[in-house]
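As structure tokens, the structure follows; a few thoughts come after it.
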Amino acid sequence: MALRYIGVDPNTPNTGSPTIWVDEADGDLIIQGLKIDDEATMDGIKATGPKWETIPDHETVLRLPARMVPILKDAIGDR
């Protein structure tokens, strides 16, 4: 797997998270983000998203700061 680094949160205190890469083989986005563990946000996700009762064990929900939108747009490119 050849990953292309796109960018990291410019305000991260630890220079490592959140971060975005693109998989050069298939164009998938690889995102390291802030794990959402507060109950109010998870309740909101469940109330407004597809009708599921829980997030599947093989998935997670991440939070990216709004200041990363330009980095995300760079990852998406001309799609």
Side-chain angles (χ1 to χ4, degrees):
M1 172 186 304
L3 295 180
R4 178 170 44 98
Y5 167 81
I6 300 298
V8 66
D9 179 354
N11 291 349
T12 185
N14 301 321
T15 65
S17 179
T19 308
I20 299 174
W21 299 263
V22 172
D23 185 327
E24 296 285 15
D26 57 17
D28 283 354
L29 299 179
I30 310 299
I31 300 175
Q32 175 185 348
L34 305 169
K35 183 177 180 180
I36 296 173
D37 58 6
D38 71 271
E39 195 171 316
T41 300
M42 293 307 294
D43 287 347
I45 289 168
K46 292 173 187 174
T48 60
K51 298 302 175 198
W52 63 64
E53 293 190 25
T54 61
I55 306 296
D57 287 340
H58 65 279
E59 296 181 6
T60 192
V61 178
L62 302 174
R63 179 184 295 272
L64 292 178
R67 63 183 168 266
M68 290 189 70
V69 168
I71 298 168
L72 190 54
K73 286 180 179 178
D74 186 33
I76 294 168
D78 294 331
R79 294 182 202 192

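This structure is a prediction, so every number in the text was calculated from the model and none was measured.
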Please determine which of Ile30, Leu29, Ile6, Asp28 meets the side chain to side chain contact (heavy atoms under 4.5 Å, CB included) test together with Trp21. Ile30

Tightest non-hydrogen contact, residues Ala75 and Val22, listed as O-CG2, 3.6 Å

For Asp38, what residues pass the side chain to side chain donor-acceptor pair (under 3.5 Å) criterion, not counting sequence neighbours? Thr41

Any heavy-atom pair between the side chains of Ile45 and Val61 that's under 4.5 Å? yes

Rounded distance [0.5 Å steps], OH in Tyr5 versus CD1 in Ile20: 9.5 Å

Do Pro18 and Gln32 make a side-chain contact, defined as non-hydrogen atoms from C-beta onward lying under 4.5 Å apart? no

Quick one: are Leu3 and Asp23 in side-chain contact, heavy atoms under 4.5 Å? yes

Partners passing side chain to side chain contact (heavy atoms under 4.5 Å, CB included) against Asp57 (at least two apart in sequence or in another chain): none

Can you sort out the partners of Glu39 under side chain to side chain contact (heavy atoms under 4.5 Å, CB included), two or more places apart, ordered by chain and number? Asp43

Say whether Ile71 and Leu34 are linked into one hydrophobic cluster, either directly or through other cluster members, by side-chain heavy-atom distances under 4.5 angstrom. no

Sequence neighbours excluded, which residues qualify as salt bridge (charged side-chain N to carboxylate O under 4.0 Å, His left out) partners of Arg4? Glu24

Does some side-chain heavy atom of Leu62 sit less than 4.5 Å from a side-chain heavy atom of Ile36? no

